[in-house]
Number of protein chains: 2
Amino acid sequence: MLSYTEENYLKALLKLSFQNEEKPEAGTNEMAAYLGVKPATATDMLKKLKEKDLVTYKKYGKILLTDTGKKNGIAILRKHRLWETFLYEKLDFSWDEVHEVAEQLEHIQSAKLVDKLEEFLDFPEFDPHGDPIPKANGEMPVIAKTLLAELKAGDTCSVAAVKDTSTLFLQYLEKLQITIGTKIKIIEVIDFDGSLYVGIAGGEPRSVSMKFAESLFVQKLL
Amino acid sequence: MLSYTEENYLKALLKLSFQNEEKPEAGTNEMAAYLGVKPATATDMLKKLKEKDLVTYKKYGKILLTDTGKKNGIAILRKHRLWETFLYEKLDFSWDEVHEVAEQLEHIQSAKLVDKLEEFLDFPEFDPHGDPIPKANGEMPVIAKTLLAELKAGDTCSVAAVKDTSTLFLQYLEKLQITIGTKIKIIEVIDFDGSLYVGIAGGEPRSVSMKFAESLFVQKLL
DNA sequence: TATAAAAGTTAGATTAATCTAACAAATATT
DNA sequence: AATATTTGTTAGATTAATCTAACTTTTATA
């Protein structure tokens, strides 16, 4: 049985492994920063996780999840995203409110609960932020991720997921009435600062910053 | 902010206060036994709870919840019973499965979650075991509790709640197809051993033990 | 390549919750 | 009332997760 804290470390390592496609390994400081603890604390926990065969790592080396570690991490991610979906769809939580509560709910231990919840939600494939929800067997659709910033003038796309899940960004999206599935047309790319002039769901054209365009995953439409 | 453990102590004290109507105060050993810890541990925690003004107690004296302590305890009970209702009604958990998971869910911190959950469940008044669910303001219907064992031959009643919530008893009830609201008619009281000869929902008459009759709360019907 | 900077580790301390063993107080019994 | 039993407390230790401060290793840079 994993402790609440151990689970958080595994989830963090999994998330970090997603962040840098090429290299799924993480560093102690990186991990500590992600979890909001000091590096010394992370080192200690790493030893424990290694003892339990959840990570491979040696002193001053990189950290990598073992198969078991990854399996556990994915199970937690699955719970997190199912709960987010529940909060958003059934309890009318807003986009930016779901995360904090799901952080707690993801640690509830009950295999039956997770599976029943999934069934109750009618086997959703994506959470409210557009991220894929792992299946009970650990499978997880890998989606080609295109940033809005990668598109060119004339392209049209549909919002697929948010890269930045900060409250500030999510609330800004809500204000712009952008949600998963919203259509965006790139009218012009401003080379000077990388900002885009876009049409959102056929509305009045407006400008969005490069930072904005790099925080949104989209699916290019024909 | 209360810790997970502190919350459990408050809930235990509240439950114990319900158990003995007349005297709502509890003893150290009683409380330790209820929580499955050693008396020494309970004493330590008591000091902490006193420090936080959640209980009144002095050395070798009885333990009593303060108003704040009671308010907190009721809030936890409210969450517990709402979650039990959710599991039972929405996720098809059985009577005897809900408790264990609700024990975990009751510690999730989010006022919004509780209130939204209550709304989602359409403001239920009783949980699956027939116990009243406290309202957001702490109000809780106090129901006159009659034991099945108190009735006489010829009486008819409707099952109101279970006193014993052990898995064994709940599964036995399920086997007998007894649930909240089931009608029971007392055909005969066997003075020899206190057992009852009863008709359950108009079915074949059968005998139930005194222990059984003392584990079920009912509402007498005219 | 030598050194400075960054990254990571160790040692020692702290806090919360728990335990055991020994002791003290209150209650019950003869 | 004296004593035995039950009930409750204290002291000291343990474990998990965290910290700070000092130290070590690796990596980057002049």
Side-chain angles (χ1 to χ4, degrees), chain A residues 1-13 16-17 19-20 22-65 69 72-73 76 103-104 106-107 109, chain B residues 1-13 16-17 19-20 22-65 69 72-73 76 103-104 106-107 109:
Chain A
M1 184 64 75
L2 300 174
S3 74
Y4 189 105
T5 311
E6 286 167 339
E7 290 196 342
N8 278 334
Y9 278 82
L10 291 184
K11 193 185 55 164
L13 285 170
L16 288 173
S17 83
Q19 237 162 61
N20 275 356
E22 314 307 301
K23 27 181 168 174
E25 75 272 10
T28 304
N29 285 358
E30 190 185 6
M31 186 172 135
Y34 189 89
L35 286 162
V37 300
K38 300 291 163 182
T41 310
T43 300
D44 281 349
M45 182 54 75
L46 243 23
K47 287 180 192 162
K48 203 200 288 188
L49 294 177
K50 187 185 173 180
E51 207 51 53
K52 293 194 174 185
D53 243 316
L54 296 163
V55 303
T56 57
Y57 124 102
K58 55 173 182 285
K59 265 215 253 183
Y60 297 104
K62 289 296 174 184
I63 310 151
L64 205 56
L65 286 170
N72 278 281
I76 300 157
E103 284 285 296
Q104 298 179 60
E106 73 191 5
H107 298 290
Q109 309 277 220
Chain B
M1 182 64 75
L2 299 175
S3 74
Y4 189 105
T5 311
E6 287 166 339
E7 290 196 343
N8 279 334
Y9 278 83
L10 293 184
K11 193 184 54 163
L13 286 170
L16 289 173
S17 83
Q19 236 162 63
N20 275 355
E22 314 306 301
K23 26 181 168 172
E25 74 273 9
T28 304
N29 285 358
E30 189 184 7
M31 185 171 137
Y34 190 90
L35 286 162
V37 299
K38 300 291 162 182
T41 310
T43 300
D44 280 351
M45 181 55 73
L46 243 24
K47 287 179 191 160
K48 203 200 288 188
L49 294 177
K50 187 185 175 179
E51 206 51 51
K52 292 193 174 185
D53 244 315
L54 296 163
V55 303
T56 57
Y57 124 102
K58 53 174 183 286
K59 264 214 257 182
Y60 296 103
K62 290 295 174 186
I63 310 152
L64 207 54
L65 286 170
N72 277 282
I76 299 157
E103 284 285 295
Q104 298 179 59
E106 73 191 4
H107 298 289
Q109 308 278 275

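- What separates NZ of Lys47(B) from P of dT15(C) is a distance of 16 Å, to the nearest Å.
- By the salt bridge (Lys or Arg N to Asp or Glu O under 4.0 Å) test, Glu7(B) is found to be paired with no residue, residues two or more places apart in sequence or in another chain being considered.
- Partners of Asp44(A) according to the side-chain contact (heavy atoms from CB on, under 4.5 Å) rule, which considers only residues two or more places apart in sequence or in another chain, are Lys47(A).
- Near-neighbour residues of DNA chain D inside residues 3-12 of chain B, defined by a heavy atom below 4.0 Å, are absent.
- The nearest whole Å value for the distance from the CG atom in Leu35(B) to the P atom in dT18(C) is 8 Å.
- With rounding to the nearest 0.5 Å, the separation of CG in Leu35(B) from OG1 in Thr5(B) is 9.5 Å.
- The CG-P distance, from Asn29(B) to dA25(C), rounds to 17 Å in whole Å.
- Here CG of Leu2(A) is found 5.0 Å from CG of Asn72(A). Values are rounded to the nearest 0.5 Å.
- Applying the side-chain contact (heavy atoms from CB on, under 4.5 Å) criterion to Leu46(B), with sequence neighbours excluded, gives Thr28(B), Met31(B), Leu49(B), Tyr57(B), Ile63(B).
- Set against dG8(D), dG8(C), dT10(D), the side chain of Thr28(B) has dG8(D) as its closest nucleotide.
- The CD-C1' distance, from Glu25(A) to dA7(C), rounds to 15 Å in whole Å.
- Judged as a side-chain hydrogen bond (donor to acceptor under 3.5 Å, both in side chains), and not counting sequence neighbours, the contacts of Asn8(B) are His107(B).
- Rounded to an integer number of Å, the gap from OH of Tyr60(A) to C1' of dA5(C) is 15 Å.
- Atom-to-atom, NZ of Lys62(A) to C1' of dT9(C) comes out at 15 Å; the value is rounded to the nearest Å.
- Residues passing the salt bridge (Lys or Arg N to Asp or Glu O under 4.0 Å) test with Lys52(A), sequence neighbours excluded: Glu6(A).
- DNA chain C lies under 4.0 Å from no heavy atom of any residue of residues 49-59 of chain B.
- Under the side-chain hydrogen bond (donor to acceptor under 3.5 Å, both in side chains) criterion, Gln104(B) pairs with no residue at all, not counting sequence neighbours.
- Rounded to whole Å, atom P of dG8(D) lies 8 Å from atom CD of Glu30(B).
- Taking OG1 of Thr43(A) as the reference point, atom CG of Asn29(A) lies at 8.0 Å (rounded to 0.5 Å).
- Listed by chain and residue number, nothing satisfies the side-chain contact (heavy atoms from CB on, under 4.5 Å) test with Ala40(A) (two or more places apart in sequence, or in another chain).
- Atom C1' of nucleotide dT15(C) and atom CE of Met45(B) are separated by 12 Å, given to the nearest angstrom.
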Give me, pair by pair, the N or O atoms of the protein and of nucleotides 19-22 of chain D that are less than 3.5 Å apart, along with how far apart they are.
unit_1  : atom_1 : unit_2   : atom_2 : d
dC19(D) : OP2    : Lys38(A) : N      : 2.9
dC19(D) : OP2    : Thr41(A) : OG1    : 2.4

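- When the side-chain contact (heavy atoms from CB on, under 4.5 Å) test is applied to Lys62(B), the partners found at least two apart in sequence or on another chain are Glu25(B).
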